[in-house]
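Working notes, beginning with the structure itself.
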Amino acid sequence: MDAQATTKPAVLILLGPPGAGKGTQARMLEQRFGLIQLSTGDLLRAAVAAGTPAGLAAKAVMEAGGLVSDEIVLAILKDRMAQPDVKAGVILDGFPRTAGQAAALDGLLAEAGQGVTAAISLEVDDAAMIARVAGRFTCADCGEGYHDEFKLPVEAGTCDKCGGTAFKRRADDTAETARARLEAYHAQTAPLIAHYRGLGVLETVDAMDSIAAVASELGSIVTRVSA
Ligand code: ADP
Ligand code: ADP
Ligand code: ZN
């Protein structure tokens, strides 16, 4: 067997509360390292928009800022992981979010003789998280993320990436729903930090820093763990 055939694709997890910068950083890592961003939030929003049974079941929970059931999330995640492009390596953005999801992921990877390469916890304080979520908007054409205060397009009203002029905001990005989502994070997702520390794959990053500074730190981590 040659070295190429034994190289395992990277499985990176971005952990962190809503607004920590997971999506922003995952898109940057995708471009820089040729990895595939896999966001369960994006997959669920697509299911809601398409009106699939999973989407119909998830819609009200998402609007209230709760967590969608492990059963639904795992089904859409497995579907996505079965597509050939993920062989390049993945950045899981917003998954896993519960102990059940983490155990299922460990099992899924073990079947393929793999494990999590690194779980990177993006640490932000609660007040910053609310402000980040409340000011978030994205390009309707390419999905590039922006913020009312921290990341406006260079030319007002025009997407830096694709030149699009239509933008959208998520229905669940209100200060009120953000609080419910933060509670769900502390109760269900934050305990996963200890799970990955126990597996010896935990990395932590100070995500209160600028987008560029966080990107640079993440780039160093990914380079180190993929070596
Ligand atoms: P998540 O995917 O973790 O929910 P996003 O990547 O969507 O978070 O970021 C939330 C909002 O905060 C976006 O509007 C984004 O432009 C902005 N943002 C992301 N990272 C930072 C940062 N380091 N400093 C300031 N604002 C940021
Ligand atoms: P954010 O990072 O800003 O919280 P996401 O786009 O990751 O937003 O998720 C939006 C919503 O989708 C969550 O509030 C939750 O209702 C649902 N969701 C996304 N990923 C998961 C998951 N892994 N498990 C359960 N619910 C999820
Ligand atoms: Zn765009």
Side-chain angles (χ1 to χ4, degrees), residues 13-29 37-48 54-55 57-77 91-102 104-105 120-124 128-153 157-173 177-185 188-189 192 205-218:
I13 295 172
L14 292 185
L15 279 173
K22 302 181 298 296
T24 302
Q25 297 296 336
R27 284 173 73 92
M28 293 167 86
L29 289 172
Q37 173 192 13
L38 219 154
S39 155
T40 44
D42 286 347
L43 293 170
L44 286 166
R45 279 184 289 279
V48 170
K59 189 170 189 282
V61 179
M62 292 172 76
E63 279 169 1
L67 290 182
V68 175
S69 73
D70 285 356
E71 193 190 356
I72 291 178
V73 172
L74 286 166
I76 62 161
L77 193 269
I91 310 159
L92 298 173
D93 158 11
F95 177 92
R97 257 169 151 109
T98 65
Q101 292 176 17
L105 176 66
I120 309 170
S121 174
L122 302 182
E123 312 215 310
V124 287
M129 167 269 160
I130 304 274
R132 285 195 191 172
V133 162
R136 165 163 61 190
F137 63 99
T138 53
C139 171
D141 294 325
C142 76
E144 181 68 4
Y146 293 97
H147 191 280
D148 291 327
E149 200 180 328
F150 309 126
K151 191 191 162 195
L152 284 164
T158 304
C159 175
D160 298 344
K161 280 275 145 74
C162 76
T165 54
F167 296 88
K168 58 183 184 185
R169 286 177 195 264
R170 279 166 47 181
D172 61 341
D173 276 351
T177 309
R179 275 184 206 99
R181 289 156 64 199
L182 189 56
E183 272 173 37
Y185 174 77
Q188 309 238 61
T189 311
L192 300 186
V205 168
D206 176 8
M208 293 296 290
D209 230 327
S210 68
I211 293 175
V214 174
S216 151
E217 207 177 324
L218 282 174

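Counting starts at 1 for both ligands and their atoms, in listed order. Any value given below was found using the heavy atoms of this structure, including those in side chains, with hydrogens, waters and symmetry copies removed.
- No salt bridge links Lys168 with Asp173; every basic N to acidic carboxylate O contact stays at or beyond 4.0 Å.
- One finds the CG atom of Leu67 at 5.5 Å from the OG1 atom of Thr189 (value rounded to the nearest 0.5 Å).
- The side-chain contact (heavy atoms from CB on, under 4.5 Å) test applied to Val48 returns Lys59, Met62, not counting sequence neighbours.
- Listed by number with element, the atoms of ligand 2 under 4.0 Å from a non-hydrogen atom of Phe95 are 23 (N).
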Contact table, ligand 1 N/O with protein N/O, distance under 3.5 Å:
from, atom 1, to, atom 2, distance (Å)
ligand 1, 2 (O), Gly23, N, 2.8
ligand 1, 3 (O), Ala20, N, 3.2
ligand 1, 3 (O), Gly21, N, 3.0
ligand 1, 3 (O), Lys22, N, 2.8
ligand 1, 3 (O), Lys22, NZ, 2.8
ligand 1, 4 (O), Gly19, N, 2.8
ligand 1, 4 (O), Arg136, NH1, 2.9
ligand 1, 6 (O), Gly23, N, 3.4
ligand 1, 6 (O), Thr24, N, 2.8
ligand 1, 6 (O), Thr24, OG1, 2.5
ligand 1, 7 (O), Arg136, NH1, 2.6
ligand 1, 8 (O), Gly21, N, 3.2
ligand 1, 8 (O), Arg136, NH1, 3.4
ligand 1, 14 (O), Tyr146, O, 2.6
ligand 1, 23 (N), Asp209, O, 2.9
ligand 1, 23 (N), Ile211, N, 3.4
ligand 1, 24 (N), Arg132, NH2, 3.4

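- The side chain to side chain donor-acceptor pair (under 3.5 Å) check on Asp172 picks up Arg170, with sequence neighbours excluded.
- Taking every heavy atom of Gly66 and a limit of under 4.0 angstrom, the matching atoms of ligand 2 come to 14 (O), 15 (C), 16 (O).
- For ligand 2, the atoms sitting less than 4.0 Å from at least one non-hydrogen atom of Leu44 are 12 (O), 17 (C), 18 (N), 19 (C), 27 (C), numbered in the order shown with element in parentheses.
- Listed for the Arg132 side chain is a donor-acceptor partner under 3.5 Å among the backbone atoms of Ala20.
- Between the Gln25 side chain and the Ile211 main chain, a donor and an acceptor come within less than 3.5 Å of each other.
- Any N or O atom pair closer than 3.5 Å counts here, and Asp172 shares no such pair with ligand 2.
- Remark: Glu71 CD is loosely packed, at most 12 non-hydrogen atoms of other residues, nucleotides or ligands lying under 6.0 Å away.
- Judged by distance alone, the side chain of Lys22 and the main-chain N or O of Pro17 form a donor-acceptor pair under 3.5 Å.
- Residue contacts with ligand 2 for Val68 involve both N, CA, C or O and side-chain atoms from C-beta outward (heavy atoms, distance under 4.0 Å).
- One N or O on the side chain of Thr40 and one on the backbone of Gly94 form a donor-acceptor pair closer than 3.5 Å.
- Using cut-offs of 30° and 60° for the angle between ring planes, the Tyr146 and Phe137 rings count as parallel.
- Two residues are said to be in side-chain contact when any heavy atoms from C-beta on lie closer than 4.5 Å; Val73 and Leu43 fail this criterion.
- Glu63 places none of its side-chain heavy atoms less than 4.5 Å from the side chain of Thr177.
- For ligand 2, the atoms closer than 4.0 angstrom to any heavy atom of Gln101 are 22 (C), 23 (N), 24 (N), 25 (C).
- Look at Arg169 and Asp148 and you find a salt bridge, because one of the NZ, NE, NH1 or NH2 atoms lies within 4.0 Å of a carboxylate O, short of that distance.
- Those atoms of ligand 2 with a heavy atom of Leu67 less than 4.0 angstrom away are 25 (C), 26 (N).
- Looking only at protein N/O/S atoms, the ones less than 2.8 Å from the Zn ion (ligand 3) make 4 in total.
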